[in-house]
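Below: one structure, written as structure tokens.
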2 protein chains.
Amino acid sequence: MITPKIIPQYRRLFEILRKHILEGIYKEGDLLPSEYELCQLYGMTRPTVRQSLSTLANEGYIRKHQGKGSIVHNLPREIGILSVAGTTSAVGNRNLKTTIIVKPVLVQWPSDFMFPLTELEKESGCIYMERVRFLDDIPIFYDITYIANINLPRITSRQFENRSLFQILRDHYNIEIKGGDQRIKAITATSKTGRLLHLRKEQPVLHLERKLETNNPGLFLYSSIFCNTEKYSIFGRF
Amino acid sequence: MITPKIIPQYRRLFEILRKHILEGIYKEGDLLPSEYELCQLYGMTRPTVRQSLSTLANEGYIRKHQGKGSIVHNLPREIGILSVAGTTSAVGNRNLKTTIIVKPVLVQWPSDFMFPLTELEKESGCIYMERVRFLDDIPIFYDITYIANINLPRITSRQFENRSLFQILRDHYNIEIKGGDQRIKAITATSKTGRLLHLRKEQPVLHLERKLETNNPGLFLYSSIFCNTEKYSIFGRF
DNA sequence: TTATTTAACTTGTATTTACAAGTAAAAATA
DNA sequence: TATTTTTACTTGTAAATACAAGTTAAATAA
């Protein structure tokens with residue numbers, strides 16, 4: 001069923017201004033029209049305009065200065081992943097799309113796996129998948145995911161397109177991510193990585209190897225993530 | 001000079017709720033009091049309460065659900081190397097050596113500094129230093145440190161060779177690191193970076209930009225760290 | 001001319017009011 | 001009993017209004 005949802009006014013203005021910034025109509029360092037001008041231009045009241053601007057500021061598109069105005073700050077965007085479970089929650093409610101490179105399949109674990117495995121994990125086999133995640137149509141993450149095939153019926157037939165792996169695990173299997181380990185390196189893009197992330201060969205790529213713990217004590221999620229940090233940075237708080 | 005600034009109401013409520021969450025009075029998954037209840041409890045109107053809650057939501061402490069309420073989401077903050085204050089504690093008790101590239105000097109802040117600065121910071125000027133840290137005689141970190149020159153007498157004449165900056169700040173100025181933000185990118189080594197880290201030019205380097213909060217509310221530490229991850233990975237837990 | 005003050009304009013904070021829309025549990029119905 | 005409907009309560013969106021506080025440039029005074 002299609003939902004002809006009414007888009008809130010503040011959201012509409014947010015999208016317009018965001019588009020203008022991304023298209024370069026407002027450039028880095030420019031002052032946006034004042035709140036009062038935006039009210040008149042778009043027929044809204046100031047609280048509504050301010051909600052648009054505060055959303056823009058939260059996502060890093062502008063910086064507000066009291067007495068001065070809103071200044072465009074279209075710097076490389078930041079993506080939070082260092083302390084957050086998945087790439088979906090890392091990017092907030094921005095325009096995130098996913099394409100599947102390798103659908104979930106049951107395979108043997110690689111012989112030289114990046115983390116040591118328990119006997120149970122080795123015996124259970126490995127659910128393997130590859131995805132590329134796009135932010136505003138720019139490929140940002142090339143995720144290779146490995147999960148031990150322990151109590152995950154029918155997972156290989158589920159639809160992962162544009163959905164969060166973690167959400168599927170939570171909704172269908174009651175699996176929550178509790179924490180994890182990770183290693184980070186800067187490496188040079190291989191030809192495959194470069195192709196998937198639209199990078200020239202030999203370009204630097206961020207490589208994360210992660211082991212995530214779940215509320216199921218024996219079950220871990222492993223992932224090898226290659227990040228295109230040319231335009232977006234990865235950020236974290238601690 | 002101490003500024004007895006008036007703290008806005010919404011900020012006051014934000015701090016109270018944040019503290020309650022961090023102290024565990026509201027636990028992960030709990031529902032916060034409803035907006036109306038908070039209004040009555042703290043004698044504010046709903047827009048004001050909503051501003052507090054939206055700030056909490058933006059910083060990841062709660063999640064709001066229409067029709068349901070605000071649910072506490074006190075994500076485990078990062079710990080470990082990526083979250084640890086300095087590079088000294090990052091490498092444990094291994095053989096860490098430090099050489100000073102640029103001794104601490106008082107300079108102007110760079111015009112396009114990596115983080116926004118307060119007026120006080122801008123006025124105070126910037127203590128600048130560059131160091132390279134070796135692990136087992138391999139250069140691993142090239143640190144550029146920036147500190148606002150606020151209440152740090154004689155810091156430029158102190159001895160930083162083979163000592164932790166954080167230890168000096170703690171021992172001599174009673175400054176403790178409380179937390180911070182960081183951004184991570186994979187970049188290509190510049191000629192200077194490559195030379196200092198013994199890398200061929202064009203090699204990938206991990207670049208961290210960090211803003212560290214201290215127990216002194218107005219004082220932050222900034223650093224730009226270039227990591228040679230050829231042999232060692234950066235690791236972290238969360 | 002130079003320095004200071006003023007005025008105009010900007011965003012920040014806050015109240016009041018109203019209705020829309022989502023959620024969950026109680027009440028009514030089959 | 002099981003299902004559906006209603007109701008109460010929650011957050012979401014939006015307007016109109018007021019004053020505080022920071023910034024900038026024009027007007028004024030030295």
Side-chain angles (χ1 to χ4, degrees), chain A residues 1-18 21 26 29-73 92-93 171, chain B residues 1 3-17 21 26 29-73 116-123 218:
Chain A
M1 197 178 78
I2 299 151
T3 46
K5 270 203 180 162
I6 294 157
I7 295 165
Q9 290 189 64
Y10 83 88
R11 195 79 204 170
R12 213 189 78 218
L13 178 56
F14 164 80
E15 298 288 359
I16 290 169
L17 294 173
R18 179 176 167 280
I21 291 169
Y26 299 122
D30 283 2
L31 270 173
L32 244 47
S34 78
E35 295 179 354
Y36 181 69
E37 285 174 305
L38 290 171
C39 291
Q40 295 201 312
L41 273 168
Y42 295 96
M44 302 170 182
T45 58
R46 198 154 84 97
T48 309
V49 165
R50 279 178 66 75
Q51 201 170 349
S52 309
L53 295 179
S54 108
T55 310
L56 280 170
N58 277 326
E59 301 201 4
Y61 291 97
I62 60 168
R63 286 193 180 164
K64 310 192 80 191
H65 293 275
Q66 186 173 357
K68 206 170 172 188
S70 301
I71 294 172
V72 174
H73 186 71
N93 46 10
D171 294 351
Chain B
M1 197 179 76
T3 47
K5 269 203 179 163
I6 294 157
I7 294 165
Q9 290 188 64
Y10 84 88
R11 194 79 205 170
R12 211 189 79 219
L13 178 54
F14 164 81
E15 299 288 359
I16 291 168
L17 293 173
I21 291 169
Y26 298 122
D30 283 2
L31 271 173
L32 244 47
S34 79
E35 295 180 353
Y36 278 114
E37 286 175 303
L38 290 172
C39 292
Q40 297 200 313
L41 273 167
Y42 296 95
M44 301 170 182
T45 58
R46 198 153 82 96
T48 308
V49 166
R50 280 178 66 74
Q51 200 171 350
S52 309
L53 294 179
S54 108
T55 310
L56 280 171
N58 278 325
E59 302 201 3
Y61 291 98
I62 61 169
R63 290 205 175 153
K64 310 192 78 190
H65 293 274
Q66 186 173 356
K68 207 171 171 185
S70 301
I71 294 172
V72 174
H73 186 72
L117 295 167
T118 64
E119 278 311 310
L120 176 60
E121 287 179 310
K122 282 182 201 161
E123 289 164 11

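Each chain gets a letter, A, B and so on, in the order its sequence line appears, and its residues count up from 1. This is a predicted model, so every value here is computed, not measured.
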Quiz item: At what angle, to 10 degrees, do the two end axes of the helix from C/dT1-D/dA30 to C/dA30-D/dT1 meet, given five pairs define each axis?
Solution: 0°
Self-check item: For A/Arg12, salt bridge (Lys or Arg N to Asp or Glu O under 4.0 Å) partners two or more places apart
Solution: none
Practice problem: Return the residues of residues 35-51 of chain A meeting this criterion: a heavy atom under 4.0 Å from some atom of DNA chain D. Order them by number, or give none. | Solution: A/Thr45, A/Arg46, A/Pro47, A/Thr48, A/Gln51
Quiz item: Rounded to the nearest Å, what distance is computed from the CD1 atom of residue B/Ile71 to the C1' atom of nucleotide C/dA24?
Solution: 13 Å
Practice problem: Using salt bridge (Lys or Arg N to Asp or Glu O under 4.0 Å) as the criterion, list what pairs up with B/Arg11, not counting sequence neighbours. | Solution: B/Glu15
Practice problem: Would you mind reading off the distance between B/Arg11 atom CZ and C/dA14 atom C1', rounded to a whole angstrom? | Solution: 17 Å
Would you tabulate the pairs of protein nitrogen or oxygen atoms and nucleotide nitrogen or oxygen atoms of nucleotides 3-8 of chain D closer than 3.5 angstrom?
none

Quiz item: Can you list the residues that meet the side-chain contact (heavy atoms from CB on, under 4.5 Å) rule with A/Glu37, with sequence neighbours excluded?
Solution: A/Pro33, A/Ser34
Quiz item: So which nucleotide from D/dT11, C/dG12, D/dT13 ends up closest to the side chain of A/Lys64?
Solution: C/dG12
Quiz item: So, is A/Gln9 near the phosphate of D/dA15, with a side-chain N or O under 4.0 Å from OP1 or OP2?
Solution: yes
Quiz item: Hey, which of these two, A/Lys68 or B/His65, hits DNA chain D nearer its 5' end, going by closest nucleotide?
Solution: B/His65
Self-check item: Set of residues satisfying side-chain contact (heavy atoms from CB on, under 4.5 Å) with respect to B/Ile71, sequence neighbours excluded
Solution: B/Leu31, B/His65, B/Lys68
Exercise. May I have all residue pairs that pass side chain to side chain donor-acceptor pair (under 3.5 Å) and include part of residues 39-48 of chain B, sequence neighbours excluded?
Key: B/Glu35-B/Arg46, B/Thr45-B/Thr48
Quiz item: To the nearest angstrom, how far is A/Gln66 atom CD from D/dT24 atom C1'?
Solution: 14 Å
Quiz item: Can you list the residues that meet the side-chain contact (heavy atoms from CB on, under 4.5 Å) rule with B/Ser70, with sequence neighbours excluded?
Solution: B/Leu32, B/Leu53, B/Ile62, B/Lys64
